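Working notes for the structure below.
From a predicted model like this one, the values you see are computed outputs, not experimental measurements.
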Amino acid sequence: MTSKVRGAKLKTGFLRVGVLMGGWSTERAVSLVSGRKVAEGLRAAGFSTVVLDLTAKDKDEKKLAARLRAARMDVAFIALHGGYGENGGLQALLSRLKIPYTGSGSLACGLAMQKACAKLVFEANGIATAPWQALEKRKGANDKRGREVGLKPPLVVKPADGGSAIGVTIVRKKEQLDRALALAFKTSHWVLVEKFIEGVEVTAGVLREKALPLIEIVPANEFYDYDAKYTPGRSKHLIPARIPAGAAREARALAVKAGSVLGCRDFYRVDLIVPKKGGPQVLEVNTVPGMTGTSLFPEAAAKAGTPFPKLLKQLVVLALSRKGRD
């Protein structure tokens with residue numbers, strides 16, 4: 001199989017792709033599923049693959065660097081969700097090692113992962129997003145911080161640097177705030193509290209600076225939580241989303257802009273809410289979208305005519321096109 005990188009033909013069979021998965025964040029289990037699917041898809045696309053399951057032992061970057069070098073990979077496919085795989089740490093290390101890798105660079109990943117920082121960037125660039133407040137963990141009782149929240153319910157309380165809806169609570173009464181904050185602080189040093197906006201939840205995958213078809217998310221649970229995300233049958237993904245055509249165009253444009261202002265590249269996913277009145281609002285940007293059997297990004301790509309192996313091949317080619325420039 002061949003493809004073009006800077007005008008030259010790429011012989012995929014001679015390329016060794018390292019799939020980095022696992023990690024030590026709360027999203028480890030999901031990452032392992034994504035990584036296995038990616039490895040399977042890369043092999044179907046004709047690549048030689050090596051799978052690296054990162055664990056807590058790899059927190060020592062010198063040892064991890066040695067392990068990455070020993071894998072003798074031509075390109076790294078990052079399927080590490082949350083934590084080190086998505087906060088820019090792994091991307092920075094790969095750059096220092098001069099190993100090309102898929103997806104956004106370290107700065108963009110760091111900004112997107114820190115949801116409060118991303119909110120500041122959105123607001124500075126005129127991107128609509130829900131009113132919010134960030135709280136930092138401190139010594140002492142973090143289970144009695146509700147009085148510090150100036151926003152009125154309904155609210156969404158979540159770890160400011162987490163994913164997969166782990167530690168997320170929808171607060172409809174003020175007396176629920178303390179418990180929600182305590183839960184979020186269990187997995188993060190910062191917690192984001194934002195106004196809950198009633199509306200249609202949609203997600204927009206962005207591939208090579210173009211928005212993929214919007215997917216409307218209809219969870220069986222109160223919201224799109226961990227169970228709804230990863231348990232088959234616990235949510236419906238509707239394409240096209242049941243929103244007006246004008247709102248759909250605006251949502252796709254907002255998704256591209258949201259990623260652009262953070263410095264994202266190649267592929268990412270943007271979650272938005274479309275209220276009954278007013279335009280779409282950006283919730284967050286995910287720089288390492290899930291690649292499981294129930295994940296949204298590959299589903300949208302397939303709808304746009306790009307099956308999974310072809311999608312993975314495009315991402316590898318894009319990574320290789322930057323070789324020596326990351």
Side-chain angles (χ1 to χ4, degrees), residues 5 17-21 23 25 27 30-31 34-35 38 42 54 68 73-122 124-125 127 129 160-164 203-212 252-272 282-291 295-298 300-301 306 311-326:
V5 178
V17 182
V19 180
L20 309 185
M21 65 182 193
S25 80
E27 296 179 73
V30 177
S31 174
S34 278
V38 166
L42 287 169
L54 275 60
L68 294 172
M73 66 187 83
D74 295 299
V75 60
F77 196 107
I78 299 175
L80 209 70
H81 305 313
Y84 186 69
E86 208 163 346
N87 66 13
L90 180 58
Q91 289 78 5
L93 176 60
L94 290 167
S95 292
R96 292 198 298 273
L97 297 176
K98 301 189 183 306
I99 298 174
Y101 57 88
T102 55
S104 299
S106 58
L107 178 58
C109 288
L111 281 173
M113 188 69 171
Q114 294 292 337
K115 295 178 177 63
C117 294
K119 287 270 199 180
L120 290 171
V121 176
F122 296 155
N125 287 275
I127 294 174
T129 188
D161 57 357
S164 293
T203 192
V206 177
L207 178 62
R208 302 180 72 174
E209 300 180 6
K210 292 185 178 180
L212 297 171
R252 289 194 297 268
L254 266 181
V256 174
K257 185 177 180 181
S260 177
V261 298
L262 293 177
C264 299
R265 67 189 181 200
D266 295 357
F267 80 119
Y268 51 91
R269 198 191 75 239
V270 182
D271 297 331
L272 308 98
V282 171
L283 298 176
E284 58 186 72
V285 175
N286 188 320
T287 56
V288 185
M291 293 289 177
S295 292
L296 296 157
F297 193 96
T306 305
L311 169 65
L312 301 180
K313 185 175 179 180
Q314 282 188 24
L315 299 179
V316 169
V317 170
L318 288 167
L320 284 169
S321 71
R322 293 190 298 273
K323 189 173 182 178
R325 295 186 290 120
D326 249 323

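Gln91 CD to Leu80 CG: the interatomic distance, rounded to the nearest 0.5 Å, is 8.5 Å. How far OG of Ser95 is from CG of Leu90: 9.5 Å, rounded to the nearest 0.5 Å. Between the NZ atom of Lys210 and the CZ atom of Arg252 there is a distance of 12.5 Å, given to the nearest 0.5 Å. Distance check, rounded to the nearest 0.5 Å: CD of Glu284 to CZ of Arg269 gives 7.5 Å. For the atom pair NZ of Lys115 and OG1 of Thr129, the computed distance is 12.0 Å after rounding to the nearest 0.5 Å.
Although no hydrogens or angles enter the test, the distance criterion places a donor-acceptor pair under 3.5 Å between the side chain of Ser321 and the main chain of Leu318. Without hydrogens or angle criteria, Glu86 side chain to Gly110 main chain gives no donor-acceptor distance under 3.5 Å. Checking side-chain atoms of Ser25 against main-chain N and O of Glu27 turns up a donor-acceptor pair under 3.5 Å. Using modelled atom types, one side-chain atom of Thr203 and one backbone atom of Val270 make a donor-acceptor pair closer than 3.5 Å. Listed for the Ser104 side chain is a donor-acceptor partner under 3.5 Å among the backbone atoms of Arg265. In this structure a side-chain-to-backbone donor-acceptor pair under 3.5 Å is missing from Asn125 to Ile127.
Of all the heavy atoms in Phe297 and Gly290, the pair that sits closest is CB-O, 4.4 Å.
Residues Leu311 and Phe267 form no side-chain contact, since every pair of their non-hydrogen atoms from C-beta on lies 4.5 Å or further apart. Using a 4.5 Å heavy-atom cutoff, the side chains of Phe122 and Val285 are in contact. Residues Asp266 and Thr102 form no side-chain contact, since every pair of their non-hydrogen atoms from C-beta on lies 4.5 Å or further apart. Leu93 places a side-chain heavy atom less than 4.5 Å from the side chain of Leu68. No side-chain heavy atom of Val19 sits under 4.5 Å from any side-chain heavy atom of Met291. For the pair Ile78/Leu94, a side-chain contact is recorded, criterion being any heavy-atom separation below 4.5 Å from C-beta on. Contact check for Asp161 versus Asn87: no side-chain heavy atoms found under the 4.5 Å cut-off. Side chains of Leu262 and Thr287 form no contact here, defined as non-hydrogen atoms less than 4.5 Å apart.
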